[in-house]
Trainee: 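Here it is: the structure, laid out below.
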Amino acid sequence: MTSFMSRKDFILFAGFTIVVLLLPILAAPFGAAYPDLLQRFMIYGIFAVGFNILFGLTGYLSFGHAAFFGVGSYAAMWSFKLLSINALPALIFAVIIAGLFALAIGYVSLRRSGIYFSILTLAFAQMSYNLAYSVLTPITNGETGLRMTLQDPRALDRLFFEASPGAPVPSIFGMSLSGWNGFYFTALFMIATFFLAMRINNSPFGMMLKGIKSNQNRMNYTGFNTRPYTLTAFVISGMLAGLAGALLVVTDPLAGAERMRWTASGEVVLMTILGGVGTLVGPVIGAMMIKYFENIFSSFNANVLNNFYSFLPDGVREVMVTISSKFVGEGWHLSLGLIFVLIVMFLPGGVMEGVRRIAASFNRRANGNKAEARVATAPAE
Amino acid sequence: MHPQNNVVLHVADVHKRFGGLHALADIDLQVEEGKTHAIIGPNGAGKSTLLNVIIGRLPPTSGAVIFDGTILTGKKPHEINQLGVARVFQTPEIFSDLSVLQNVMTPAFARRDGAFKINMFRQVDNEHEIREEAEAMLEDVGLISRREVHAGALSRGDKRRLELAMCLIQKPRLLLLDEPTAGMSRHDTNTTIELLKKIKARGMTKIIIEHDMHVVFSLADKISVLAGGRIIAEGLPEEVRGDPRVQEAYLGGAH
């Protein structure tokens, strides 16, 4: 095992796997233990972990990763329509298409760095969004979005059996992917993605990427051709975005253009920064936090708030409800913005920096106690 | 003298203009294998420009740089490095976010794996050979006790030593040093001189740009004096030291 994975990595990976698989139990106290939300944790976790391979390791901030997410969604949907309702070919197809897309966009965008790179990726993503929204309506079905119908050819399925009655839904070798099945299906991919990210992070390739983030000039004068390295990282993260987009279609069979909008690209940046850029677990935590708050805050309405403030006298309660209502429901982005500002101000390294600081203070206290204990026992000996 | 026999670097008739400014004119420099060639000159003489032309950072207006039979002009920095040319910068260029050990391992990977290789499923922890080599290198430059420290936290002198180690681990055929002791204390300067003498014994060719005459005369086999973008004198250290033109242009008659 030592040659395959260090002890520390093995503990991290095992811990991550256990937590993910136990999420249905662990999330229960937070009122989040239902498959629809948990599988979105997984999907956006994959998206953010993939994004972090580019942003966290190389330092290249892409503002257009939603394009690959959206392309993955459409590709998977077309696989469902043309080939089979089996999720596996859909995922493979989506990852390949998103990878090719990332190769093209990355090849051009990576000719620049810093803010110019970010703007280029943003421009490409907005172009993709507009293509999906209006120009390529025959492929994307425009603003209505693409969904499965009974009339779909589904060539592979038709080879083996007659069209089943009722609306087609994605499955995996005949097993339905709704409910908890859907969660565990996405969880498997989350775990695999985490494993991949961990391997890359600890590999010589990952070290080169970190070198590029730290000092690209030195990398060049050290004999590295940095562009293929950044392009590889870009394509890998694009493929993982495509995988996430495809998984979203698997669990919720509708592919729409709004997933490619710049707000969606911005969201994955927020997730990564919120959790901790360049850390392994951080992006997953960030993704969960945002999806959780989105769910909780946006579901609050005036009634809920009235109940929440019911202990207050009438006049005060109305004022509080009026103020708070701006931060929930449709306005949940205000709360998100507030949280984001607080984290960036006080924990620039994200939630993971908080975790590190707490761990460090515990260590210090433990060491301090030990030192005191030593002093205390010394005279007795 | 048969300079053609063992010349490893030939700067052939290089001119460099920045607009109206003639930064380098008629530069013809031959660096012999295994020798330490110092380039000295007053501020603004064009020393750093010359180094940047050699390393491919600046294209010359005319002329060419030939390293071991290969024309370097027009090649990219990583290609020039892969041919065996490494450079120490005036302000240390290191990976501040990586540990000292990783800083030295990275160039070792460049030497072993070339300019690009997707080494995705190997683990750094298992690269024992490279790690041992890097540790030996850190031992040589006296940074072994700081191997796990973030390189950004090192003192300026240590950063220079680290950068030197990063260049040396590649076993380059030609090492370019841009004021390797600038801003160092006397003690650190002497340590660096000892270190550079040690690598000289290994037969590495070096071009060194330096202000500190103590360093130059301790190390150089040959000195070229640059003033106003031209080489005004060239020769063995003692010859250059006695040359009246050099004293006028550079030493200002202080000697």
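Only this structure's heavy atoms are used, side chains among them; waters, hydrogens and symmetry mates stay out. Below, chains carry the letters A, B, ... as their sequence lines are ordered, and counting in each starts from 1.
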Trainee: Decide yes or no for B:S48 and B:D178: does some side-chain heavy atom of the first lie under 4.5 Å from some side-chain heavy atom of the second?
Mentor: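 The answer is yes, as the side chains (C-beta and beyond) meet within the 4.5 Å cut-off.
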
Trainee: With a 4.5 angstrom heavy-atom cut-off, could you sort out which part of B:R111 is near chain A: side chain, backbone, both or neither?
Mentor: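 It is neither, since no heavy atom gets under 4.5 Å.
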
Trainee: May I ask you to name which of A:L196, A:I236, A:T232 has the most heavy-atom pairs under 4.5 Å with chain B?
Mentor: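 Among the listed options, the one with the most contacts to chain B is A:T232.
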
Trainee: With chain B as the partner chain, list the residues of residues 43-50 of chain A whose heavy atoms fall under 4.5 Å from it, by residue number, and write 'none' if nothing qualifies.
Mentor: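 So far as heavy atoms go, nothing in residues 43-50 of chain A approaches chain B to under 4.5 Å.
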
Trainee: Identify whether NZ of Lys or CZ of Arg in A:R7 sits under 6.0 Å from the centre of the six-membered ring of A:F10 and within 45° of that ring's axis.
Mentor: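 Pair A:R7/A:F10 does not count as cation-pi.
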
Trainee: Please find the pair of heavy atoms, one from B:M120 and one from A:I200, that lie closest to each other, and give the distance.
Mentor: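 Answer, listing the atom of B:M120 first, then A:I200: CG-CG1, 3.5 Å.
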
Trainee: Determine which residues belonging to residues 159-168 of chain B lie within contact range of chain A, meaning some heavy atom pair is under 4.5 Å apart, and list them by number or answer 'none'.
Mentor: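 Those residues of residues 159-168 of chain B which have a heavy atom under 4.5 Å from chain A are B:E163, B:M166, B:C167.
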
Trainee: Parallel under 30°, tilted from 30 to 60°, perpendicular over 60°: which one fits the rings of A:F16 and A:F194?
Mentor: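 Correct class here is parallel.
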
Trainee: Can a salt bridge be assigned to the pair B:E133 and B:K171 using a cut-off of 4.0 Å between side-chain N and carboxylate O?
Mentor: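 So B:E133 pairs with B:K171 through a salt bridge.
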
Trainee: Looking only at heavy atoms, what is the nearest atom pair of B:T205 and B:G34, with distance?
Mentor: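 So the minimum-distance heavy-atom pair works out to OG1-N, 2.8 Å.
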
Trainee: Measure distances from B:I94 to the heavy atoms of chain A and classify the residue's part below 4.5 Å as side chain, backbone, both or neither.
Mentor: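 The backbone, not the side chain.
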
Trainee: Is it true that atom CZ of B:R17 has more than 12 heavy atoms of other residues, nucleotides or ligands lying nearer than 6.0 Å?
Mentor: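 Atom CZ in B:R17 is not packed in, count stays at 12 or less.
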
Trainee: Would a distance-only check, ignoring hydrogens and angles, find a side-chain to backbone donor-acceptor pair under 3.5 Å from A:S237 to A:F234?
Mentor: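 Such a contact is found between A:S237 side chain and A:F234 backbone.
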
Trainee: Considering all heavy atoms of both residues, which atom of B:A12 and which atom of B:I66 are nearest to each other, and what is their separation?
Mentor: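 Nearest heavy atoms, B:A12 then B:I66: CB-CD1, 4.3 Å.
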
Trainee: Are any side-chain N or O atoms of B:Q30 and backbone N or O atoms of B:V7, one a donor and one an acceptor, separated by less than 3.5 Å?
Mentor: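 No, the answer is negative, given that no donor and acceptor are paired below the 3.5 Å cut-off.
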
Trainee: By number, which residues in residues 72-93 of chain B have some heavy atom less than 4.5 Å away from chain A?
Mentor: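 Residues B:P77, B:H78, B:N81, B:Q82, B:R87, B:V88, B:F89, B:E93 are the ones that qualify, each having a heavy atom under 4.5 Å from chain A.
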
Trainee: Between B:E127 and chain A, with a heavy-atom cut-off of 4.5 Å, which part of the residue counts as in contact: side chain, backbone, both or neither?
Mentor: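 Contact with chain A involves the side chain of B:E127 alone.
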
Trainee: Does atom CG of B:L21 have more than 12 heavy-atom neighbours from other groups under 6.0 Å away?
Mentor: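 Yes, enclosed.
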
Trainee: I want to check a possible cation-pi pair here: A:R111 against A:Y107, using under 6.0 Å from ring centre and within 45° of the ring axis as the test.
Mentor: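 Yes, a cation-pi geometry.
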
Trainee: Evaluate the criterion salt bridge (Lys or Arg N to Asp or Glu O under 4.0 Å) for residue pair B:D68 and B:R173; output intermediate values, then yes/no.
Mentor: CA-CA 10 Å; B:D68 195 26; B:R173 291 194 53 206; 2.4 Å; yes

Trainee: Is the A:H65 ring parallel, tilted or perpendicular to the A:F68 ring (thresholds 30°, 60°)?
Mentor: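 It falls in the perpendicular class, over 60°.
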
Trainee: Could you give all pairs that pass the salt bridge (charged side-chain N to carboxylate O under 4.0 Å, His left out) test and reach residues 141-154 of chain B, with sequence neighbours left out?
Mentor: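 The answer is B:E135-B:R147, B:R146-B:D158.
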
